[in-house]
Each structure stands twice: as structure tokens, then as C-alpha cells.
Amino acid sequence: MALLEVEDLGVTFRGDREVRAVDGVSFTVDAGEVTGLVGESGCGKSVTSLALIGLLPKQNTRRVRVDGRALFDGLDLLRADTRTLRDIRGREIAMIFQDPLSSLNPVVPIGVQVAEVLVRHRGVSKAEAQRRAAQLLDRVGIPDPNRRLKEYPHQLSGGMRQRALIAMAVACRPRLLIADEPTTALDVTIQAQILELLKELVREDGTAMIMITHDLGVVAGLCDRVNVLYAGRVVESAARRPLFAEPVHPYTIGLLNSIPRLDAGQGARLTPIRGSVRDVLPWSQGCAFAPRCDRAVEECLAGPPEITGDPHSFRCVNPGVGVDLEEVR
Amino acid sequence: MTAETLVELKDLQVHFPILRGVLVDRVVGHVKAVDGVSLSIPRGSTYGLVGESGCGKTTLGRALLRLVEPTGGTAVFDGVDLTALGSNAMRTMRRRLQMIFQDPLSSLDPRQNIESILTEGLATHGIGADRAARRALVGETLDAVGLPRWALSRYPHEFSGGQRQRIGIARALVLSPDLIVADEPVSALDVSIQAQVLNLLATLQADRGLTYLVIAHDLAVVRHICDTVGVMYLGALVEQAPSAELYTRPLHPYTRALLSAVPVPDPDVEDRRERILLTGDLPSPANPPSGCRFRTRCPWARERCAQERPELRTLAAGHTVACHFAEELE
Ligand SMILES: Nc1ncnc2c1ncn2[C@@H]1O[C@H](COP(=O)(O)OP(=O)(O)OP(=O)(O)O)[C@@H](O)[C@H]1O
Ligand SMILES: Nc1ncnc2c1ncn2[C@@H]1O[C@H](COP(=O)(O)OP(=O)(O)OP(=O)(O)O)[C@@H](O)[C@H]1O
Ligand SMILES: [Mg+2]
Ligand SMILES: [Mg+2]
């Protein structure tokens, strides 16, 4: 059994209009493994991860309906009571967000924030926690950690803040780390440092990780298994190499064809996906991607397509044969 | 073929004063956002400016249009030194130099419909004999950027990100500019939409002979659309080369680090590549390091780098680099 097994996760926001933000997402994460959730803005990546740890705004009210199962080491996170969840968060499951400033307390020194996690979840003394906090900052590559401990978030650069946040996240050696676009706000050279750090954590501590990103380049370098999301559903799922070598869903193929690559022939025209994510069809009527799809056939509108295939699975009635990446180069 | 030069920057500088004081502000220093940049852009070509956040790319673009005042150097546009123009003359000139922005929504007035957004500039610059002529021009421009005519009566929030960027492009294009400064034109867009906008920019250039200065932090995007690329670090160019050459033969340690850090969507490439991991962060542009500005993060820095600021030197046709030891590192 995998460490985390997400089965048919669904999230519906009820307001004036019902929004089915996540619509039957399933995936698994193993210890020492990185599972990627990739897709464009609004496809449900963040909602998926927040639902798992019970942090959706108004998650336990009638405004939000969460269905499905999410077994974390046998415990269904979606049905766990608030106290159990609070206990698990930070100790067993930790999260890193895109914008470190909004997840750090601006009026509390970095060192106190890191130490606090240890005091709360590990019950160590304050002095011991401070000592370990310094070690943690050192481990995530913050120079001069003893001085930095006393500084406030705004005194650190964006890259440093993200490191501080990672230090907090790994303070209790969580078994699962959820990283939601952890490097999107950072420069590439800093991004490279942070990704290297995350890889090291997974390798050395055997942490399981969910990596949420829209950057297929990041996925290619980091994820063992990749789930491509579109309009709240997984449309293709495969191990990293087959996904890039033989993508079959027209959306995945379209994404790969539309990004300029550093190693591609120059001046070649990119092949965009037409329309935008606004041109969706509700899944209940057919394939949500059909209105933008070059391979769309009548059958696409005949009802919701099932996901098929194992271990390389896809949700498409007229799959592509995959791009010849040699040719693109 | 020697192409005519449209833009020529010489030693352009923008230093922002840092003000402190209790009752009366005093200048306590300067942020050297752009600190002596020289470059030239041939008519009809695309120049790409890359570099990390805060290195001065946007400030450079704005200084060229005099949306911020340069504190030194010259910016010659089609033979005219813009830095010497009076404000009226500059306003007239501005029709020929247009800018498009990263976040199309925040640069479009939400209360103006698309027609009013597009005709505003025409009125300011007295283009088009009458309302009908302006409408025709606006209609043509909509066609060129691939927006439907019914868009005219709609408002910015009714469009997707990619469509909004088309509106931003149309607003610039309708004035028939010679130069478009595009500041991060696709970075706020979804991956699948970026290609639409990049292709549109290429088509418009081919059809209308536009010249572009493209500012971007995404090196793959820049490589894709630019003829020449300049790499900026802390307010100065550290390397400049024809696009193909820069990517196959980067000479400056910073360029090499930057290129090695860009993720490539190919597991084979990712697994094989060697990263040059830089340590530390960008120093403050208010207090840049002595000598070579990159030396504090450079894996190859030596004593001379702290003492002497390297000048841009030409090492191959059109390929200049500001590093004392570029040849040795190759
Ligand atoms: N509290 C909410 N109420 C109503 N709808 C919501 C709420 N939160 C998110 N949504 C909707 O759910 C969908 C998925 O949002 P989500 O934030 O998961 O996207 P994402 O994939 O993380 O996108 P991004 O890449 O932009 O972060 C979107 O259409 C969004 O508008
Ligand atoms: N009006 C201003 N007053 C003072 N400092 C400024 C001003 N505008 C920019 N700066 C500073 O000048 C430097 C260069 O900023 P600029 O916006 O040009 O960078 P950039 O390369 O465009 O960065 P990014 O990639 O984040 O857009 C930064 O240190 C910035 O804080
Ligand atoms: Mg998100
Ligand atoms: Mg900028």
C-alpha cells in the first residue's frame, strides 16, 4: 500500500453557482517518491492539495463539499476530525506554498517560527528547539543561521524565505511534503537551488512528496510519476519517462508542443493549443478539452470519457500517438 | 546586408535616489537600477533582455520611452536623441514607441470598453480623419491580433488572459509604432496560451516590419523569438550575442549559470545536465560589489575580479562579454 492513496477526490464549492473544482481525482504517493500534479491555472491543483490536509477555506461547512477518500497510512484524511488533522499537519504532512511571505508570520522572527513547530509537535524544550532551528536553517542552505534566526521575514530575500519555509516544513521530518508551486515566484538560479534541496530531502529522508507545478521542465527533472490535470480531472498519468517520451492525451501533447524549449531548434513556430481554459465543456457532457482539441471526434461529446490504461493511463477516446520529440529538437 | 539601426543606447543610466529623513528627506544613496548600458537594435529585429528579478530590465525599457527619466547617457531613436527632447516633442514621438506589459489586466482600465481603450491613443495623437476612419483602423487591428469585432463593446474582465494580452498588443499596434517594448509579454499567461501570443508577435513583425525590445526572465522564450540577446546583472550588461550563439556558446559565468538552471521538459536532458549552482542572492543595487558585480556569486572569481570592473569585450562577431577570464573558462 502506498503512503497516500487518493481515490476519487471531489471538491464542490457551493455559492450562487456550483463549482466542481476537483472532479474525481485519484493518485498515489509512495515514500521516497515525488508525484507531480501539473496543469494550467484553475485546473484544481491547489484545491486538491488543500482538501487533503483540511485547509480549504470553509472546508467543514455546507459551502464546500468534499467527497472521495484519501488514505494516509490507512487513515482517511477526508474523514478525520479536526484535532487529528491538526496533529498530522506539520508533524506528518507538511506543506510549502508559492508565496512564502503569506505563510510566514511577519512579526515573529524566523528562528522562533521554526522552533515553534518543534515545540508544538515534538515537545522539545525551547532552548533545544532554537538549537535545532539553527541546524535546520543551515541544512536548507541559509548562511550564518544563528544571525538569521533573529531576523524577520521581510529582512530575507525571496529565496531565503522559501528556504526558511522549507526548514519549517521539514522540521519534524514529515512523511509527506506537499509543495504547491514552491519555486514559481523565484528566479531560475534560485529555483535550481531550491529544487536541488527538495530532491535531497526526498533522497536522504525518504520523504514522499507531492509537487504541484505548471512547469513541465520542473516535472521532468523532479517527479517520478506525473498526473496531468485538466478542468479538475486527471487526463493522463504515467511515470516521468513514458509521459515525456510517449504522451498520448492530446492536451499533454499540446502542452509539450506549445512550450519554447531551450534545447529546440530556433525560430521554429510553436504549435499553440487553441482557445483557452475558458472554453470548457462540463465533464458530464463529454470531454472538457474537446472544444480546444485537434483530435476531437463525435464520440468525445457522447459523455464523460473514462480513464483507461495502467500504468500509463489516459482519459481520451481518440488518443494521439505521441510527439516525436527527436523531430521537435 | 547592413541593417539600419533604430535604437542606440549609449551608457544609459537610471539612478534612483534613496531618501531618508525625519522632517526633510535627504538623499542617502542611489539605487543604480541601470548603470551604463549600451546596446543597439537594428530596425525590424528583436532584441531580448534577460536577467534576474531586480536587475533593471523594466527600468531600462521605461527609460528608453522616458517613462522614467534617465540620469545619464543617451537613447537615440531613429536618429533622434530622446533624452534631449522637450516634453511636447517626446509626447509626439511616443506614438512610435509603444509598450506592452506583463499583466494585461492591471494595465487596462476596467471601466473602459475595448473600443474606447483602442481609440484613446488615436485621439491623443490625432490619427484618423474622423470617427469612421478610426473605427476602420481599430477593426483592422482587431483582425491582426485575432480578436473578434464584437470585442469592441466588451470590457477587459470579460476576456481570458491571452485575449487581454491581445488587447494590450492591439492598443500598442493601432498607433503604428516602429518599436514595441514588450515587458514580460507572456509570463502571466498559461503555458498553452503563451505560444499563441508569441506566434502573434512574430507574425506582426513579419507583416509590419516592427522592431521589438523583449524583456523576459524566461530564457527559452527569449531564445525563441529574439535575434540578439543581452544578459543583465545588477544594472549592467554582462554578455550580448546573437541568440543562437549565446545559447550554444555562453561565455560569461553568469550566463552559463543561468542557462544551466533553466528546466527542460525532457527527463533525459534533466538527468544528464550539469548545473552550475550559484550560491547566495543578488547583491543590492544600492551597494553593488566592487570590481565585477557578479564576483560575489561567481564560482570562478579571483583577486582581480574584486579590483577591476571588467569592460564588455568583443570575443567573436557580435559577441561581447564582460569577464576578465572568459577565454579561460570556455
Ligand atoms: N473558495 C473557492 N470558491 C469557489 N471556487 C473556488 C474556490 N477556490 C478555488 N476555486 C475554483 O476552483 C478551481 C481550481 O482552483 P485551484 O486554485 O485549485 O487552481 P490551480 O490549479 O491551483 O491554479 P493555479 O495554477 O492558478 O494556482 C478554479 O476554477 C477556482 O476558481
Ligand atoms: N521608482 C523606483 N524608485 C526606486 N527604486 C526603483 C524604482 N523602480 C525600480 N527600482 C529599483 O531598481 C531596481 C531594478 O528594478 P526593475 O524593475 O527595473 O527590475 P527588473 O529587472 O524589471 O525586475 P523584475 O524581473 O522583477 O521585473 C530594483 O532594485 C528596484 O527595486
Ligand atoms: Mg494553485
Ligand atoms: Mg520587470
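Per chain, numbering begins at 1; letters A, B, ... match sequence-line order. Below, all heavy atoms of this structure are taken into account, side chains as well, without hydrogens, waters or symmetry copies.
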Do B:Ser192 and A:Arg274 meet the criterion of a side-chain donor-acceptor pair at a distance under 3.5 Å?
-> no

Check A:Ala220 against B:Val264 and note the closest heavy-atom contact, atom names and distance.
-> CB-O, 3.5 Å

Side-chain heavy-atom pair A:Arg241, B:Asp268 within 4.5 angstrom cut-off = yes

Under the side-chain contact (heavy atoms from CB on, under 4.5 Å) criterion, do A:Gln191 and B:Val262 qualify, and how do the steps go?
-> CA-CA 9 Å; A:Gln191 164 169 284; B:Val262 179; over 6 Å; no

Would you say A:Arg261 and B:Pro265 make side-chain contact, with heavy atoms under 4.5 Å?
-> yes

Is there side-chain contact between A:Leu262 and B:Arg223, with heavy atoms separated by less than 4.5 Å?
-> yes

Shortest non-hydrogen separation from B:Pro263 to A:Val218 and the atoms involved | CB-N, 3.6 Å

Heavy-atom distance under 4.5 Å to chain B: side chain of A:Gln193, backbone, both or neither?
-> both

Residue part contacting chain A, namely of B:Asp190, when any heavy atom lies under 4.5 Å = both

Report yes or no: do A:Ser258 and B:Gln194 form a side-chain donor-acceptor pair below 3.5 Å?
-> no

Identify which part of B:Leu258 has an atom lying under 4.5 Å from any heavy atom of chain A, answering side chain, backbone, both or neither.
-> both

Which atoms of A:Val219 approach chain B - backbone, side chain, both or neither, heavy atom under 4.5 Å | neither

Side chain, backbone, both or neither: which part of B:Leu189 has an atom under 4.5 Å from a heavy atom of chain A?
-> neither

A:Ser157 portion near chain B, given a 4.5 angstrom heavy-atom threshold = side chain

Considering non-hydrogen atoms only, spot the tightest contact between A:Arg292 and B:Ile193 and give its length.
-> NH2-CD1, 3.8 Å

CG on A:Leu186 to NE2 on B:His217, rounded to 0.5 Å | 10.5 Å

Top of A:Gly141, A:Gly275, A:Gly42 for chain B proximity - count of heavy-atom pairs under 4.5 angstrom = A:Gly275

Validation row: A:Glu196, B:Leu277 side chains within 4.5 angstrom (heavy atoms) = yes

Does a donor on one side chain and an acceptor on the other come within less than 3.5 Å for B:Glu52 and A:Thr189?
-> yes

